[in-house]
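Numbers restart at 1 for each chain; the letters A, B, ... are given by sequence-line order, proteins then strands.
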Amino acid sequence: MTRYWLMKSEPTTFGIDNLKAEKVSPWDGVRNYQARNFMRDDMKMGDQVLIYHSACEEIGVVGLGEVVSKPYPDPSAFNRQSKYFDPKSKVESPTWILVDIQFKEKFKKIVSLSTIKADPKLVGIVVAQTGSRLSIQPVSKPHYTHIVALAHGD
DNA sequence: GCCAACGTTGGC
DNA sequence: GCCAACGTTGGC
């Protein structure tokens, strides 16, 4: 069964344009257990992803991606040079797990957070809840479908 | 830059 | 295991 997700990124660090350029990218640097658990336990190849930009000028859903790998250890946790290096994560018992995300589409017009919050069809979506800092969130199929329709419509 | 919300750490 | 202190996220 295909599931639907929202994954946050900061365009100053790694945004939709970086993903488009790389085509497929390991979603590294996630250092939150709940977000990790979604990648490790719940994501399956073929799952569909809303790519979201935060901490920037235009906040909102900016495009689409797809899960294209099984979960595997986040290599950046073992890399002393990486800002995501975590000395507690051992190669033999990795703490941090990720999946590869493939670029699918960049929206011509973003679906902004304010649009999402104002849309009665999107009531209850996690990203619109105050204090929702989780960088990976499950999205219901109707919400996913509606956001894609908003991006492709008007 | 502010600050509310939230996760993590560490003393006890 | 509690909880205060601290750090981070992220919208505004």
Side-chain angles (χ1 to χ4, degrees), chain A residues 3-22 25-43 47-67 71-101 103-140 142-144 146-151 153-154:
Chain A
R3 297 197 204 212
Y4 302 88
W5 306 92
L6 180 146
M7 297 175 90
K8 291 183 190 172
S9 69
E10 296 192 16
T12 50
T13 307
F14 187 93
I16 188 77
D17 291 326
N18 303 92
L19 185 62
K20 185 178 183 179
E22 293 191 17
S25 175
W27 206 261
D28 63 3
V30 171
R31 295 294 177 265
N32 170 283
Y33 288 101
Q34 217 180 329
R36 178 207 64 184
N37 291 348
F38 282 137
M39 289 198 283
R40 187 189 63 186
D41 304 332
D42 299 314
M43 280 189 179
D47 281 4
Q48 302 299 304
V49 178
L50 300 170
I51 306 294
Y52 179 91
H53 279 178
S54 69
C56 60
E57 291 269 308
E58 289 195 298
I59 298 163
V61 178
V62 293
L64 302 176
E66 180 175 330
V67 177
Y72 65 95
D74 183 341
S76 69
F78 310 129
N79 177 5
R80 208 164 281 277
Q81 256 60 253
S82 170
K83 67 170 180 172
Y84 302 124
F85 176 65
D86 181 359
K88 294 197 295 295
S89 183
K90 300 292 191 316
V91 176
E92 61 273 17
S93 60
T95 307
W96 303 111
I97 303 295
L98 53 66
V99 296
D100 289 343
I101 300 297
F103 173 82
K104 283 192 73 180
E105 177 183 342
K106 180 184 178 181
F107 293 158
K108 289 193 178 66
K109 190 166 71 95
I110 82 161
V111 180
S112 71
L113 179 59
S114 56
T115 299
I116 290 169
K117 283 182 171 174
D119 194 322
K121 285 188 176 169
L122 297 174
V123 165
I125 193 168
V126 179
V127 76
Q129 288 164 10
T130 52
S132 164
R133 307 189 320 179
L134 200 53
S135 63
I136 299 177
Q137 307 173 354
V139 177
S140 72
H143 285 170
Y144 174 90
H146 187 61
I147 287 173
V148 174
L150 286 176
D154 55 317

Gap between atoms [atom1] and [atom2], on [X] and [N] respectively (whole Å):
X	N	atom1	atom2	answer
A/Asn32	C/dG7	CG	C1'	14 Å
A/Ile136	B/dG7	CD1	C1'	16 Å
A/Glu58	C/dC12	CD	P	14 Å
A/His53	C/dT9	NE2	C1'	16 Å
A/Leu134	C/dT9	CG	C1'	11 Å
A/Arg31	C/dG10	CZ	C1'	19 Å
A/Asn37	B/dG7	CG	C1'	14 Å
A/Lys8	B/dC6	NZ	C1'	11 Å

Inset, instruction - First locate atom CE of A/Met39, then atom OH of A/Tyr72, and finally report the distance between them rounded to the nearest 0.5 Å. - result: 10.0 Å

Inset, instruction - Taking all non-hydrogen atoms of both residues into account, name the closest pair between A/Gln137 and A/Lys8 and its distance. - result: NE2-CE, 3.6 Å

Inset, instruction - Kindly write out the residues that satisfy side-chain contact (heavy atoms from CB on, under 4.5 Å) with A/Lys20, not counting sequence neighbours, or none if the list is empty. - result: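 Checked A/Lys20 against side-chain contact (heavy atoms from CB on, under 4.5 Å); matches are A/Phe103.
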
Kindly point out which of [options] is positioned nearest to the side chain of [X]?
X	options	value
A/Gln34	C/dG11, B/dT9, B/dG7	B/dG7
A/Arg133	B/dT8, B/dT9, C/dG7	C/dG7
A/Leu113	C/dC12, B/dG7, C/dG10	C/dC12

Inset, instruction - May I ask you to verify if any side-chain N or O of A/Tyr52 is less than 4.0 angstrom from the OP1 or OP2 atom of C/dT9? - result: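 No, because none of the side-chain N or O atoms of A/Tyr52 sits under 4.0 Å from OP1 or OP2 of C/dT9.
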
Inset, instruction - Would you indicate, yes or no, if B/dT8 has its OP1 or OP2 atom less than 4.0 angstrom from a side-chain nitrogen or oxygen of A/Lys88? - result: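 Negative; the distance criterion is not met.
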
Legend entry - Backbone N/O of A/Gly29 and side chain of A/Asp74: donor-acceptor pair under 3.5 Å: yes

